[in-house]
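Just so we're on the same page: letters track the sequence lines, and every chain starts at 1.
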Amino acid sequence: MGAGYQIAGSMTAMGETPDSKYGIEELCPVCGDKVSGYHYGLLTCESCKGFFKRTVQNKKVYTCVAERSCHIDKTQRKRCPFCRFQKCLEVGMKLEAVRADRMRGGRNKFGPMYKRDRARKLQLMRQRQLAAQTLRGGVASDMYPNQPGTSPFANIHIKQEIQIPQVSSLTSSPDSSPSPIAVAVALGQVNSTLNQPASNQQPALQIVGIPSGGSGGGGGGGGGHSSMVVNNQDNKLWAQANSTTTSPHSLSPKVFQFETVVPAGGGGTVPSSSKVSPLIRDFVAAIDDREWHNSLYTLLQNQTYNQCEVDLFELMCKVLDQNLFSQVDWARNSIFFKDLKVDDQMKLLQHSWSDMLVLDHMHQRMHNNLPDETTLHNGQKLDLLNLGLLGVPSLADHFNDITVKLQDLKFDVSDYICIKFMLLLNPDVRGITNRKHVLEGYEQVQQALLEYTVTCYPQIQDKFHKLQQLLPEIHSVAVRGEEHLYHKHCNGSAPTQTLLMEMLHAKRK
DNA sequence: CATCAAGGCCAT
DNA sequence: ATGGCCTTGATG
């Protein structure tokens, strides 16, 4: 996807590896120049390394005299530092890797990541060589005798950790083909194009709550929401996170904390897991809200770092876009859905994405104390609730209304994930080729949720049907949000070339 | 002891 | 301000 992400040298005559050690020669994802090693999170050239360091260390603030979308390449990289730095962030260079204390030498927490990335690339290269050998009629096993995991098609789905554009993967590639239906791209290649910050690393922000807490009656969502703070320019605050790093004084603003304490005590105790069906247990176990928060954090930080003022609507679209990517990523790894053909997957997603976004926001707000507002690094306030409303402030009442009803029903994480599945696996979507499978999945989840509500919440009369009755309400919020976004888009005031807009368009066809 | 990513230096 | 080359120092 990204512009400079090429592997060369592996296809030369004898399968030799010309210069670089691993036979991997890549171009700097920022400017396309020759890569000199891993710098601040990924392989970049020497000059972009230096540029990134200077910018972050000296807290430089650039402005773009054009449209903030200057093309960056080797010859023009000096012309617009603003866009160059933007691109650095977009491709995933890590602010945290610049040390506030300027300590030299040593290693940081990205070391292991670099190592894994090397291994991944090496394997990719081997696969290519193997494939080339096979094509030429050579005997593959001569070169790589039966090593498990080195078959040509093994490990195609290795999760890529670095070198991935964050959100604007679709917007930032300068010379990519016009618009290869973003959904299909996302579905087909999420592994190589999409990567929310790796989940395995220590998350930049810790979410205390574990997704399982019943939303005890306590005033979780409704009342005074805390604000999370992305803002800080003080060294004192830097020291907060990152204790594993060699140099704990990362230069990036680190403080970004939700006061995330899932209402563990209180009225609603977690239903004992023995009663819960394995299906639901697996669903819940697969939820990764840390990653969700992490990517939100990274995006907000990257988008506002080093900028005086950002277009908040545009920022919101970017966040929604990112959320959408995570939806797709979640879906394509989910039971039932993953067995479908891409065409069917696309149809289901096109039909349910906005509902799922709204539902997800309710979940984040109710179960993870996502605040309604946050202060960005540059001091601007971002209305996070607006994300759940898909940009329509007037939907707030309706949204809160639904939230209250959900709270009354003691809507918990299991309910949430089942409903999400039911939204996704909608057997009524037209044109599904494998409707049977979709219906099967839908009914299994439905059944599981029914049993769950009956066994775990006997005190709530008819919880299952009451939950189901809320679906049209969620849908109406989603529909109005979609319309709003679509109008904004037609005005030209929404970012183009995003998965979000692709989704909006797909439905109108 | 070799590696290699981070910071520093300095001619341009 | 840029970018090529140098020094540093934790890691394995």
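- Side-chain to base pairing of A:Arg54 with C:dG3: one donor and one acceptor N or O lie within less than 3.5 Å of each other.
- Atom pair A:Met93:CE and B:dG7:C1' shows a separation of 14 Å (rounding to whole Å applied).
- For the pair A:Lys49 and C:dT2, the criterion of a side-chain N or O lying under 4.0 Å from OP1 or OP2 is not met.
- In the set B:dG8, C:dA1, B:dC4, the nucleotide with an atom closest to the side chain of A:Arg118 is B:dC4.
- Atoms CG (A:Asp33) and C1' (C:dG3) sit 10 Å apart, rounded to a whole Å.
- Nucleic acid contact class of A:Lys74 (heavy atoms, under 4.0 Å, all strands): none.
- With A:Trp353 as the fixed residue, the side chain to side chain contact (heavy atoms under 4.5 Å, CB included) test singles out one of A:Val328, A:Leu499, A:Leu504: A:Leu504.
- Applying the 3.5 Å distance criterion, the base of C:dG3 shares no donor-acceptor pair with the side chain of A:Lys78.
- Of the candidates C:dG3, B:dA5, B:dG7, the closest approach to any side-chain atom of A:Ser47 belongs to C:dG3.
- In this structure, A:Asn108 atom CG and B:dT3 atom P are separated by 20 Å, rounded to whole Å.
- As a whole-Å value, the separation of A:Arg99 CZ from C:dT8 P is 14 Å.
- The NE2 atom of A:His39 sits 12 Å away from the C1' atom of B:dG7 (whole-angstrom rounding).
- Toward the 5′ end of DNA chain C lies the nearest nucleotide of A:Pro81, the other residue of the pair A:Glu46 and A:Pro81 mapping further downstream.
- Whole-Å rounding puts the A:Arg116 CZ to B:dA5 C1' distance at 16 Å.
- Following rounding to the nearest Å, A:Arg104 (CZ) and B:dC4 (C1') show an atom-to-atom distance of 14 Å.
- Geometric assessment of A:Lys60 against the ring of A:Phe85 yields a negative cation-pi assignment under the 6.0 Å and 45° thresholds.
- Remark: A:Gln57 is in phosphate contact with B:dG8, judged by side-chain N or O atoms under 4.0 Å from OP1 or OP2.
- If you check distances only, the side chain of A:Lys53 does reach the base of B:dG8 with a donor-acceptor pair under 3.5 Å.
- Here A:Arg77 does not reach the OP1 or OP2 of C:dT2: none of its side-chain N or O atoms lies under 4.0 Å away.
- At least one donor-acceptor pair closer than 3.5 Å links the side chain of A:His484 to the backbone N or O of A:Gly391.
- Taking the six-membered ring for Trp and the full ring otherwise, A:Phe110 and A:Tyr38 have centroids separated by 6.0 Å or more.
- Using the six-membered ring where Trp is involved, A:His505 and A:Tyr486 have ring planes that are perpendicular, over 60° apart on the 30 and 60° scheme.
- Put simply, CG on A:Asp73 is 15 Å from P on C:dT2, counting in whole angstrom units.
- Counting only heavy atoms from C-beta on, A:Tyr40 has its side chain closest to B:dG7 among B:dG7, C:dG4, B:dA6.
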